[in-house]
Amino acid sequence: MEKIMLTGDKPTGRLHLGHYVGSLKRRVELQNSGEFSKIFIEIADAQAITDNAYNMDKVRDNIIEVALDYLSVGIDPKKSIIFVQSQIPELCEFTFYYLNLVTLSRLERNPTIKEEIKLRNFENSIPAGFLIYPVSQAADITAFKANIVPVGEDQLPMIEQTREIVRSFNKTYGEVLVEPEAVLPEVEICNRLPGLDGKAKMSKSLGNCIYLSDEPEEIEKKVMSMYTDPTHIKITDPGHIEGNVVFTYLDAFCKSDDFSKYLPEYQNLDDLKKHYQQGGVGDRVIKKFLNSILQAELAPIRERRKKYEKNIDEVYRMLEDGSRKAREIAKETMKEFKEAMRICYFSDKELISHQKEKYNKD
Ligand code: TRP
């Protein structure tokens, strides 16, 4: 079967290391694998508006930031169609009809939505658009007949909801839509990279992120301020690995040749962990090691971003072009969708002749 990939991000801020290990890195690998006949990367501005309706500047300003981050990590507009959700009006049409195939209680059971409602203090005043955004996400995926959706773990309920809608639609109206599959990061820790403070996942509102666009000095400052192990006071004290953000990040980022490059005293991560647990390794050593690894990973991304930042016109043109291409494809699916639902009344000869017969019997 033809492989079609779709994924996206809400434009509510610059993208950070959590996005990078949780999804962006994988996307670029998949993009370059040559396995996909089509790849769609969506900037989900309409979804961002569901909880930013009174804060349009934030959404508007971040579209270009996300686009720059995409280009700088290696998403290539020659291989992937990068588009802006709101520019595809068909997505609203899909959403409107899908809403009839979903119950309110089903929407209220979505664990990711539940958590987000708590986080935003929406308990008593949930914007209706926010509650139903998983349905609009089903539209994003199905309008392009995507069957592979690389996402982080928190998006699994959205993919499950999409699959239910697809099954219900196909059963009711005919086989038009494609059931998607989620593809999760290979390394478990990449699903939920904690913030610098170790408290929760990296999140812009908590101010605990390293951004892909951070300058080298900022990265270093942030790494040096990371939460480690409060019981590891003297270098000789035994240290703990669990909950130690530096080690969590090393699990996510460290490659085998990083030791020979930056910390040749150790063979591998297990070796370093063992010594840290025994006592005798200072936090500065592990932080400097992590800093070297992150600097090497982020330098080429930042350099590429700088190049694109000088060509903002071109980046907007790329988005416009991608949105136009995406719309063409969504329109094709919409046509099949409406035919299956039998709402193309004016070209439905059978319907018209049936009604004619009803009224002109003799
Ligand atoms: N909900 C996703 C997020 O918050 C963004 C998104 C919107 C998305 N539409 C999508 C992801 C379709 C995958 C497929 O990260």
Check your understanding: Is Lys145 paired with Glu2 through a side-chain N to carboxylate O contact shorter than 4.0 Å?
Key -> no
The reported gap from CG in Leu269 to OG in Ser256 (rounded to nearest 0.5 angstrom) is 11.0 Å
Nearest heavy-atom contact between Ala48 and Asn52 is O-ND2, 2.9 Å
Can any side-chain N or O of Lys287 pair as donor or acceptor with the backbone N or O of Met224 at less than 3.5 Å? yes
| task | Report yes if some heavy atom in the side chain of Met202 is under 4.5 Å from a heavy atom in the side chain of His19; otherwise report no. | result | no
| query | With a 3.5 Å cut-off and no angle check, do the side chains of Gln355 and Lys358 form a donor-acceptor pair? | reply | yes
Between Gly198 and Pro194, the two heavy atoms sitting closest are CA-CB, 4.3 Å
Taking NZ, NE, NH1 and NH2 as the nitrogens, is one of them in Asp313 or Arg317 under 4.0 Å from a carboxylate oxygen of the other? no
Taken to the nearest 0.5 Å, the spacing of Glu90 CD from Ile329 CD1 works out to 12.0 Å
Minimal heavy-atom distance between Asn32 and Lys79, with the atoms involved, is OD1-NZ, 3.1 Å
How are the rings of Tyr276 and His232 set to each other: parallel, tilted or perpendicular (split at 30° and 60°)?
-> tilted
For this session: Run the numbers on Leu298 and Ile210 for side-chain contact (heavy atoms from CB on, under 4.5 Å), then give the verdict.
Result: CA-CA 10 Å; Leu298 294 178; Ile210 294 178; 4.2 Å; yes
Q.
What I want to find out is whether Asp251 reaches Lys273 closely enough, with some N-O distance under 4.0 Å, to be called a salt bridge.
A. yes
| query | Once the angle between the rings of Phe253 and Tyr249 is folded into 0 to 90°, is it parallel (under 30°), tilted (30 to 60°) or perpendicular (over 60°)? | reply | tilted
task: Give a yes or no on whether a salt bridge exists between Lys338 and Glu93, defined as a side-chain N under 4.0 angstrom from a carboxylate O.
output: yes
Worksheet item: Does Glu320 reach the side chain of Gln87, with side-chain heavy atoms less than 4.5 Å apart?
Response: no
ask   = In terms of side-chain geometry, is the basic nitrogen of Glu217 or Lys221 positioned less than 4.0 Å from the acidic oxygen of its partner?
value = no
In terms of heavy-atom contacts, Asp214 and Cys209 come closest through OD2-O, 4.3 Å
Separation between CD (Gln295) and CG (Leu290), nearest 0.5 Å, reads 9.5 Å
For Gln31 and Gly74 the tightest heavy-atom approach is NE2-O, 3.0 Å
_Under a 4.0 Å threshold between the charged nitrogen and the carboxylate oxygen, would Arg109 count as salt-bridged to Glu160?_
no
task = Kindly check if the number of other-residue, nucleotide or ligand heavy atoms within 6.0 Å of CD (Glu29) is above 12?
result = yes
Rounding to 0.5 Å, atoms CD1 (Ile43) and CD (Glu65) come to a distance of 10.5 Å
**Message:** With a 3.5 Å distance limit and no angle check, can you tell me whether Asp237 reaches the backbone of Lys234 through a side-chain donor-acceptor pair?
**Reply:** yes
CG of Asn100 to OG1 of Thr172, rounded to nearest 0.5 Å, is 10.5 Å
Subject >> Distance-only polar pair, side chains of Arg27 and Ser23, donor-acceptor under 3.5 Å >> reply: yes
* Mark yes or no for whether Ser33, through its side chain, and Glu35, through its backbone, hold a donor-acceptor pair below 3.5 Å. => yes
Using a cut-off of 6.0 Å, state whether more than 12 heavy atoms not belonging to Lys255 lie near its atom NZ. yes
Exercise for the section: Could you tell me whether the side chains of Gln155 and Gln137 share a donor-acceptor contact shorter than 3.5 Å? Expected result: yes
Do Glu179 and Arg167 meet the salt-bridge criterion of a basic N to acidic O distance under 4.0 Å? yes
Exercise for the section: Could you check if a side-chain atom of Lys201 sits within less than 4.5 angstrom of a side-chain atom of Asn208, using non-hydrogen atoms only? Expected result: no
Answer with yes or no whether the hydrophobic clustering places Leu68 together with Ile219; edges join I, L, V, M, F, W, Y residues whose side-chain heavy atoms lie under 4.5 Å apart. yes
- Do we see a donor-acceptor contact under 3.5 Å between the side chains of Tyr20 and Glu297? yes
- Would you kindly say whether Asn244 and Thr228 are connected by a side-chain donor-acceptor distance under 3.5 Å? no
Exercise for review: State, yes or no, whether a side-chain contact exists between Arg26 and Val183 at a heavy-atom distance under 4.5 Å.
Suggested key: yes
Regarding Arg324 and Glu328, does a basic nitrogen lie under 4.0 Å from an acidic carboxylate oxygen? no
Requested in this report: Report the C-alpha separation of Lys306 and Glu215 in whole Å, then their side-chain angles, then the decisive distance to 0.1 Å, and conclude whether the salt bridge (charged side-chain N to carboxylate O under 4.0 Å, His left out) test is met.
Outcome: CA-CA 11 Å; Lys306 294 228 159 91; Glu215 292 296 328; 3.2 Å; yes
Give the ring-plane orientation class for Tyr98 versus Phe337, where under 30° counts as parallel, over 60° as perpendicular and anything between as tilted. perpendicular
* Given the rule in the ring pair (Phe, Tyr, Trp, His ring centres under 6.0 Å) test, do Phe289 and Phe259 qualify, once you have shown the distances and angles that lead to the verdict? -> CA-CA 9 Å; Phe289 180 47; Phe259 283 93; 4.7 Å; yes
Q. Does Thr95 use its side chain to pair, donor to acceptor, with the backbone of Ala139 at less than 3.5 Å?
A. no
message = Under a plain distance cut-off of 3.5 Å, with no hydrogens placed, do Asn110 and Gln161 share a side-chain donor-acceptor pair?
response = no
Item to complete: Give a yes or no answer on whether the side chain of Asn311 reaches the backbone of Glu314 with a donor-acceptor pair at less than 3.5 Å.
Response: no
| Mutual orientation of the aromatic rings belonging to Phe40 and Phe83 [parallel < 30°, tilted 30-60°, perpendicular > 60°] | perpendicular
When you compare the side chain of Val59 with that of Asn55, does any pair of heavy atoms fall below 4.5 Å? no
Around Lys261, counting heavy atoms of other residues, nucleotides and ligands shown, do more than 12 lie under 6.0 Å from its NZ?
yes
- Query: Going through the checks in order, is the side-chain contact (heavy atoms from CB on, under 4.5 Å) test met by Phe144 and Leu91?
  - Reply: CA-CA 10 Å; Phe144 305 97; Leu91 296 178; 4.2 Å; yes
Leu30 and Pro150 have their tightest heavy-atom pair at CD1-CG, 3.8 Å
Open item on the list: Donor-acceptor pair, distance only, cut-off 3.5 Å: does the side chain of Ser353 make one with the backbone of Glu350?
Closed with: yes
| Is the shortest heavy-atom distance from the side chain of Leu196 to the side chain of Tyr227 under 4.5 Å? | no
I'd like to check Ile75 versus Asp69 (side-chain heavy atoms, cut-off strictly below 4.5 Å). Are they in contact? no
| task | Report yes or no: does Asp229 contribute a side-chain atom to a donor-acceptor pair with the main-chain N or O of His240 at less than 3.5 Å? | result | yes
Tyr133 six-ring face occupied by Lys10 cation (under 6.0 Å, within 45°):
yes
Original post:
Is there side-chain contact between Leu6 and Asn147, with heavy atoms separated by less than 4.5 Å?
Top reply: no
Under a 3.5 Å distance rule, please check whether Gln85 uses its side chain to pair with a backbone N or O of Glu42 as donor and acceptor.
no
Q. If only atom types and distance count, is the side chain of Ser136 paired as donor or acceptor with the main-chain N or O of Ile132 below 3.5 Å?
A. no
Apply side-chain contact (heavy atoms from CB on, under 4.5 Å) to residues Ile81 and Lys38 and explain how you reach the verdict.
CA-CA 8 Å; Ile81 297 180; Lys38 290 188 210 103; 5.7 Å; no
inquiry  = Could you go through Met226 and Asp197, starting from their C-alpha distance and side-chain angles, then the distance that decides it, and tell me whether this counts as side-chain contact (heavy atoms from CB on, under 4.5 Å)?
reply    = CA-CA 6 Å; Met226 269 183 179; Asp197 51 6; over 6 Å; no
Between the CG atom in Asn291 and the CD atom in Glu220, the distance rounded to the nearest 0.5 Å is 4.5 Å
